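Quick note: residue numbers are just sequence positions, from 1. Note that the coordinates shown come from a computational prediction; the quantities given were computed from them, not determined experimentally. Values reported hereafter were calculated over all heavy atoms of this structure, with side chains retained and with hydrogens, waters and symmetry mates removed.
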Amino acid sequence: MEPVIEVKNLVKIYGKRSTAFTALKDINLTINAGESVAIVGKSGSGKSTLMHLLALLDKPTKGTVKIDGIESTKLRARKLNQLRNRSFGFVFQQFFMNPNDSVLANVMLPLKIAGKRRKERRELAEKALKTVGLSERIKFKANDLSGGQKQRVCIARAIVNNPKILFADEPTGNLDSTTGEKVIKLLFDLNKKGVTLIIVTHDEDLAALCDRQIRISDGKITSDTKKSAPKSKGKTKSKAVTKAKTKKGDK
């Protein structure tokens with residue numbers, strides 16, 4: 001496998017002088033194409049900060065982040081946005097959807113940003129919605145969906161550009177266990193097809209489903225382990241999502 005992300009001597013400091021806080025301290029990391037990786041840590045450990053830097057949503061104070069060999073910290077804003085839009089998909093705990101737009105419009109948004117023609121946008125969005133099992137909800141407004149359906153729309157939006165890397169930040173945090181299990185299966189099915197999957201979580205059971213677990217504490221990587229035996233991707237256990245926070249069902 002070839003590396004899709006290479007990080008060297010990564011440091012992130014918030015604030016200045018007496019108010020300065022070092023969120024990440026000298027992080028070195030390589031993630032290969034097709035891996036499923038869990039970034040694990042308690043609240044405030046630096047795991048979300050690391051994901052934001054890996055996903056080019058924030059800039060490091062020091063160090064480098066290479067995506068497919070491209071040094072991202074040297075790119076101008078336009079090129080950086082193009083690289084992010086072309087290479088990444090995002091699934092967050094919060095859905096970040098326009099509630100009054102249709103499901104189709106929400107999924108087409110990244111394609112519009114990418115400059116795709118309307119006909120192509122619609123075709124690709126419909127294909128992505130079919131992948132997540134929501135073809136019949138294409139004309140619904142986002143506000144009219146259940147929590148699980150909203151998360152599946154977010155996955156469709158994340159994969160509509162055929163990204164190499166899919167970032168998922170606590171993707172089941174707002175879902176009940178049954179719905180969360182369906183979402184997890186979707187994510188690992190995509191990984192099985194070759195998408196690199198990076199999940200940020202504090203859930204040990206969810207992390208255990210990944211090929212690799214990177215543990216963060218006080219801004220440092222404390223361990224980076226791989227499974228000794230291959231797992232069957234796409235097959236999940238209900239215990240991975242038993243710590244759900246809501247009771248919204250998936251209709």
Side-chain angles (χ1 to χ4, degrees), residues 4-5 33-34 36 51-52 54-58 67-68 70 72 75-172 174-175 179 182-200 234 248 250-251:
V4 289
I5 298 179
S36 60
M51 189 209 74
H52 287 150
L54 296 180
L56 310 183
L57 296 171
D58 199 359
I67 308 296
D68 277 339
I70 299 172
S72 64
L75 295 178
R76 293 175 181 249
R78 183 180 176 184
K79 292 290 185 181
L80 189 68
N81 290 336
Q82 289 175 346
L83 176 62
R84 186 169 53 233
N85 194 53
R86 181 178 71 245
S87 301
F88 302 153
F90 300 95
V91 181
F92 295 105
Q93 181 176 349
Q94 303 299 325
F95 305 124
F96 298 118
M97 298 170 65
N98 188 328
N100 295 316
D101 275 352
S102 68
V103 166
L104 182 65
N106 272 284
V107 175
M108 288 196 301
L109 182 59
L111 299 171
K112 187 175 183 179
I113 294 171
K116 302 284 186 182
R117 293 183 178 180
R118 181 170 179 80
K119 182 180 179 181
E120 186 179 6
R121 294 202 303 264
R122 186 180 182 93
E123 289 174 352
L124 291 172
E126 287 177 350
K127 181 180 178 181
L129 285 164
K130 184 178 180 180
T131 298
V132 302
L134 283 178
S135 295
E136 77 284 357
R137 294 289 194 271
I138 197 168
K139 295 181 180 180
F140 280 52
K141 288 187 176 181
N143 253 353
D144 297 328
L145 302 179
S146 69
Q149 288 168 344
K150 288 178 181 177
Q151 193 63 298
R152 283 192 283 158
V153 171
C154 291
I155 293 173
R157 184 178 59 192
I159 65 174
V160 74
N161 261 343
N162 193 28
K164 291 184 177 181
I165 305 168
L166 187 60
F167 291 93
D169 190 358
E170 301 287 3
T172 60
N174 281 335
L175 305 175
T179 305
K182 293 177 182 178
V183 167
I184 290 172
K185 184 180 185 305
L186 272 172
L187 294 175
F188 281 95
D189 281 348
L190 292 165
N191 176 237
K192 190 175 181 180
K193 293 176 182 177
V195 176
T196 304
L197 178 62
I198 301 174
I199 299 177
V200 174
K248 291 184 180 179
D250 188 15
K251 300 178 181 177

Is the shortest heavy-atom distance from the side chain of Arg84 to the side chain of Leu57 under 4.5 Å? yes
dist His52:NE2 -> Leu54:CG (nearest 0.5 Å) comes out at 10.5 Å
Approximate separation, where rounding is to 0.5 Å, of Lys141 NZ and Asn106 CG: 11.5 Å
For the residue pair Arg118 and Met108, what are the closest heavy atoms and their distance? NH1-CE, 4.1 Å
Check against side chain to side chain contact (heavy atoms under 4.5 Å, CB included), Leu111 and Glu120: CA-CA 9 Å; Leu111 299 171; Glu120 186 179 6; over 6 Å; no
Might you point out which heavy atoms bring Ile199 and Pro171 nearest each other, and give the distance in Å? CG2-CD, 4.1 Å
Does the pair Ser36 and Phe188 meet the rule for a side chain to side chain contact (heavy atoms under 4.5 Å, CB included), with working shown? CA-CA 8 Å; Ser36 60; Phe188 281 95; 4.1 Å; yes
Would you confirm whether Asn161, through its side chain, and Gly89, through its main-chain N or O, come within 3.5 Å as a donor-acceptor pair? no
Shortest non-hydrogen contact from Gly148 to Thr179? CA-CG2, 3.2 Å
Heavy-atom side-chain contact between Thr196 and Leu166 under 4.5 Å: no
Reported CD1-to-CG distance for the pair Ile70 and Leu56, which is rounded to 0.5 angstrom: 10.0 Å
Of all heavy-atom pairs between Asn85 and Ala114, which one has the smallest distance, and what is that distance? ND2-CB, 3.3 Å
For Pro163 and Val195, which heavy atoms make the closest approach, and how far apart are they? O-CG2, 4.0 Å
Between the CZ atom in Arg152 and the OG atom in Ser146, the distance rounded to the nearest 0.5 Å is 7.0 Å
So Ser135 and Lys130, do their side chains get closer than 4.5 Å, heavy atoms only? yes
Check for a donor-acceptor pair, side chain of Ser102 on one end and backbone N or O of Ala105 on the other, with a separation under 3.5 Å. yes
Quick one: sort the Phe90 and Phe167 rings into parallel, tilted or perpendicular, breaks at 30° and 60°. parallel
Kindly indicate whether the side chain of Ile155, heavy atoms from C-beta on, has any atom under 4.5 Å from the side chain of Leu190. yes
Please determine if Lys127 and Glu123 form a salt bridge, counting it only when a charged side-chain N lies under 4.0 Å from a carboxylate O. no
Show your reasoning for whether side chain to side chain contact (heavy atoms under 4.5 Å, CB included) applies to Val153 and Val132. CA-CA 8 Å; Val153 171; Val132 302; over 6 Å; no
Taking all non-hydrogen atoms of both residues into account, name the closest pair between Leu104 and Ala125 and its distance. CD1-CB, 3.6 Å
CD of Gln151 to CZ of Phe92, rounded to nearest 0.5 Å, is 10.5 Å
Check whether any side-chain heavy atom of Arg121 lies under 4.5 Å from a side-chain heavy atom of Arg117, and answer yes or no. no
Looking at Asp189 and Lys185, is there a salt bridge between them, counting it only when a charged N and a carboxylate O are closer than 4.0 Å? yes
Would you call Asp68 and Lys164 a salt bridge, taking side-chain N to carboxylate O under 4.0 Å as the test? yes
Taking C-beta and beyond as the side chain, do Asp169 and Val91 meet within less than 4.5 Å on heavy atoms? no
Between Asn191 (side chain only) and Gly34 (backbone N and O only), is there a donor and an acceptor less than 3.5 Å apart? yes
Are Arg137 and Leu145 side-chain neighbours, meaning at least one heavy-atom pair lies under 4.5 Å? yes
Nearest 0.5 angstrom please: Asn81 CG to Ile113 CD1, how far? 9.0 Å
Would you indicate whether the side-chain heavy atoms of Pro110 and Arg157 approach each other to under 4.5 Å? yes
